[in-house]
Amino acid sequence: MSKENNSTESSPGNTNEYRERRIANMQALEKAGYAPFGTAFSRSDNIKGIREKYEEGLKVRAAGRIMTSRDMGKTIFADLRDGTGRIQLFVNKKQLGDDVFAAYKLLDLGDHIGVEGEMFITRTGEMSIRVDEWTLLSKALLQPPEKYHGLQDTEDRYRQRYFDLISNEESRDRFNKRIAIMREIRSYLESKGYVEVETPMLQPQPGGAAARPFMTHYNALNCTMYMRIAPELYLKRLLVGGFDKVFEMNRNFRNEGLDRTHNPEFTVLELYEAYGDRISMKNILEGMIAHVCDSVLGTKIVTYEGNEIDFTPPYKEVSYYDLLRGRMGDNWFDLSVDEARAAAEKAGVECDPEWDHLLITREIYDKLIERTLIQPTFVIRIPRQFIPLAKTCVDDPELADVFEFVVGGKELCPAYTEQNDPIAQRDAFANQAGDEIEKIDEDFITALECGMPPAGGMGLGIDRFVMMLTGADAIRDVILFPQLKPRNQ
RNA sequence: GGGACGUUAGCUCAGUCGGUAGAGCACGUGACUUUUAAUCACGGGGUCCUGGGUUCAAUCCCCAGACGUCCUACCA
């Protein structure tokens, strides 16, 4: 809305002529015996159901919001919409009688009404309800956005999502898909014996990832608490406690930047399977993605950022070292640090002079290689220093037994053969590479010392997954109420 | 954080090489008993994001700010 004087304000100096007119209509309706904000209305079905049960002459009761109106004089055609669909109303003066028809004319676009009438098909082939009776359910005091273009202003669409949802079908569809995707993930995992659990979002010490947390003060205990950056360490405690297959799909919070692909609160699926490993994670992920694509989209092929992506499993698997050699030459890992830096700079990758071979390698992967992996790909056997919570490969203690699942040039889902050795875990925390150092969670180490079963685990960024499956190019398009900078009052 | 661009009627957008603005939808009045982006006629509606500056005159030019979008850097 424009910017300062909008809808939510109703103070006398700020009303506009549209609102005043609607209030006048509301008062006239009230005088005619129509309560402007009605009570429950019993429907014979929702609009989708009514359409599906169509029969000529079938008597139905429907409720919804008036979206458009075509006034032909003695007959008015209107579109009524609820959460499931739209249907045309045929409102006729003779049918209703002069007074009821005159009252109907006091309705405005955006009002909610309930109607009763018989179904029929108009000459032009439009399924309709011939209204015998109607009742006012809720008067809208503000105009809905433009009926054809909808609400386009990106800022308004995020700040006033209700207007976006009222007027933009693509937006409604996208969020319905998000809901369906999450529902199908749950139902798939439950069918495989996983249980959904809840672990603390308010934590005395944030762990499970390297990220800046949100801090808050807990008055009752007079201590600092942190919004979780990941649920991982708690889910693993549950493995220790005897839950064999657990998952949690809920919010993480990170006190970091805000852009096209980052929102400070975002939804992640984390999943752990006792007695499993990286391979079991690969299997569950392939099965889950295929199920979600089929049940929600009806296809495994999606278009994302101009690329056609085929989610038909199995997905190809390639080792981190092979990717590096493929890009930088077979002798890449034999180069000295200086040679490696020179080669990286030559390839257009800027390197900090402090970096060792490992960090230069990571920069090359991040800057040159990851974005070229468009089709779903498991990148495996990654240097262990980057991944303190994973076990190393049985045949090579320098490599972590993990995969990074990359799609459309972006990392979508990391999965590990989880570290369950408390001594190795403590060492790994202490020896992390780069600047991503986590504080050691002593209670977590204690839990490991009780014996955590060997396990596979993974984390899937739900928002980005939904973006991919719905072709959205901003995370704000898949989060109902994304974070925006507050407006000054 | 750095850079580019944007902000005009309730909504979608034009526009003014500096002389306070237009269209479509919506709204109001009238016509119309099968329309569906209904149609036709007439009409009302604006702090041109905010604050400074230049100027006889600023919505337009300059400076600063707010918010947003895109690019770029960083975390997923």
Side-chain angles (χ1 to χ4, degrees), chain A residues 1-7 14-22 24-25 67-79 86-96 101 108-110 120-128 130 140-160 163-164 166-168 208-213 229-230 252-270 350 366-367 404 410-414 434-436 459-465 467 473-476 482 484-489:
Chain A
M1 297 261 76
S2 30
K3 322 283 153 198
E4 74 286 344
N5 116 35
N6 74 27
S7 38
N14 246 336
T15 53
N16 63 42
E17 60 166 311
Y18 301 100
R19 191 165 182 280
E20 283 164 10
R21 195 157 282 142
R22 282 164 178 259
N25 286 345
M67 298 307 296
T68 60
S69 186
R70 295 170 290 283
D71 186 345
M72 309 294 295
K74 295 192 175 65
T75 294
I76 298 168
F77 296 91
D79 287 330
R86 61 156 284 281
I87 193 162
Q88 178 168 271
L89 303 181
F90 178 92
V91 182
N92 181 259
K93 188 172 186 177
K94 208 163 185 182
Q95 188 94 10
L96 290 180
F101 188 74
D108 294 299
L109 298 186
F120 75 110
I121 305 271
T122 63
R123 259 179 235 164
T124 50
E126 179 79 22
M127 189 190 293
S128 306
R130 184 182 288 109
L141 301 184
L142 297 172
Q143 299 216 117
E146 215 253 9
K147 67 177 175 187
Y148 187 62
H149 298 92
L151 185 64
Q152 293 300 316
D153 186 287
T154 48
E155 184 177 354
D156 291 341
R157 287 182 44 230
Y158 301 144
R159 284 192 199 279
Q160 297 184 288
F163 275 136
D164 176 45
I166 288 169
S167 63
N168 295 326
R212 292 214 317 272
I229 54 176
N252 287 351
F253 306 85
R254 298 195 182 173
N255 202 341
E256 287 161 354
L258 192 61
D259 65 26
R260 211 167 58 78
T261 56
H262 295 83
N263 196 64
E265 51 181 311
F266 59 103
T267 301
V268 166
L269 166 70
E270 280 204 17
E350 268 186 58
D366 289 346
K367 290 283 143 54
E404 282 183 3
K410 298 183 170 72
E411 186 188 341
L412 195 60
C413 173
D435 48 3
E436 302 184 347
L460 172 65
I462 295 296
D463 309 288
R464 290 181 183 180
F465 185 50
M467 285 168 69
D473 45 33
I475 199 168
R476 285 170 166 176
L484 289 177
K485 203 163 170 176
R487 290 203 154 281
N488 306 354
Q489 290 307 314

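Below, chains carry the letters A, B, ... as their sequence lines are ordered, and counting in each starts from 1.
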Problem - P atoms of U50(B) and G10(B), separation to the nearest Å - result: 13 Å

Exercise for the section: For nucleotides C61(B) and U69(B), find the distance between their P atoms and express it as a whole number of Å. Expected result: 24 Å

Completion exercise
Applying side chain to side chain contact (heavy atoms under 4.5 Å, CB included) to Asn255(A) and not counting sequence neighbours gives Arg212(A), Phe214(A)

Practice task
Mind checking Leu412(A) for me? I need base, sugar-phosphate or nothing, with any heavy atom below 4.0 Å counting as a touch.
Solution key: nothing

Practice task
Identify whether any heavy atom of Arg476(A) sits under 4.0 Å from a base atom; if not, whether one sits that close to sugar-phosphate; answer base, sugar-phosphate or nothing.
Solution key: sugar-phosphate

Exercise for the section: Ignoring the backbone of Gln88(A), work out which of U35(B), U69(B), C67(B) is nearest its side chain. Expected result: U35(B)

Exercise for the section: Kindly write out the residues that satisfy side chain to side chain contact (heavy atoms under 4.5 Å, CB included) with Thr267(A), not counting sequence neighbours, or none if the list is empty. Expected result: Arg178(A), Met182(A), Met249(A), Arg251(A), Ile462(A), Asp463(A)

Exercise for the section: Using the aromatic ring of Phe266(A) (for Trp, its six-membered ring), decide whether it stacks on the base of A76(B) within the limits of 5.5 Å and 30°. Expected result: yes

Practice task
Taking atom P in both U12(B) and A73(B), compute the distance separating them and give it to the nearest angstrom.
Solution key: 32 Å

Handout entry: Pairing residues for Tyr18(A) by the ring pair (Phe, Tyr, Trp, His ring centres under 6.0 Å) criterion, not counting sequence neighbours
Key = none

Exercise for the section: Could you list the residues that satisfy salt bridge (Lys or Arg N to Asp or Glu O under 4.0 Å) with Arg260(A), not counting sequence neighbours? Expected result: Glu305(A)

Exercise for the section: Measure from the side chain of Leu151(A), starting at C-beta and using heavy atoms only, and say which of U35(B), U12(B), C67(B) lies closest. Expected result: U12(B)

Practice task
With P as the reference atom in both, quote the distance from G44(B) to A58(B) in angstrom, rounded to an integer.
Solution key: 27 Å

Fill in the blank from the handout: dist Asp153(A):CG -> Gln160(A):CD (nearest 0.5 Å) comes out at 9.5 Å

Problem - Proximity to RNA chain B (any heavy atom under 4.0 Å), residues of residues 258-265 of chain A only - result: Asp259(A), Arg260(A), Thr261(A), His262(A), Asn263(A)

Fill in the blank from the handout: Pairing string of RNA chain B (Watson-Crick or G-U wobble, both atom distances under 3.5 Å; | = paired to other strand) is (((((((..((((.....[..)))).(((((.......))))).....(((((..]....))))))))))))....

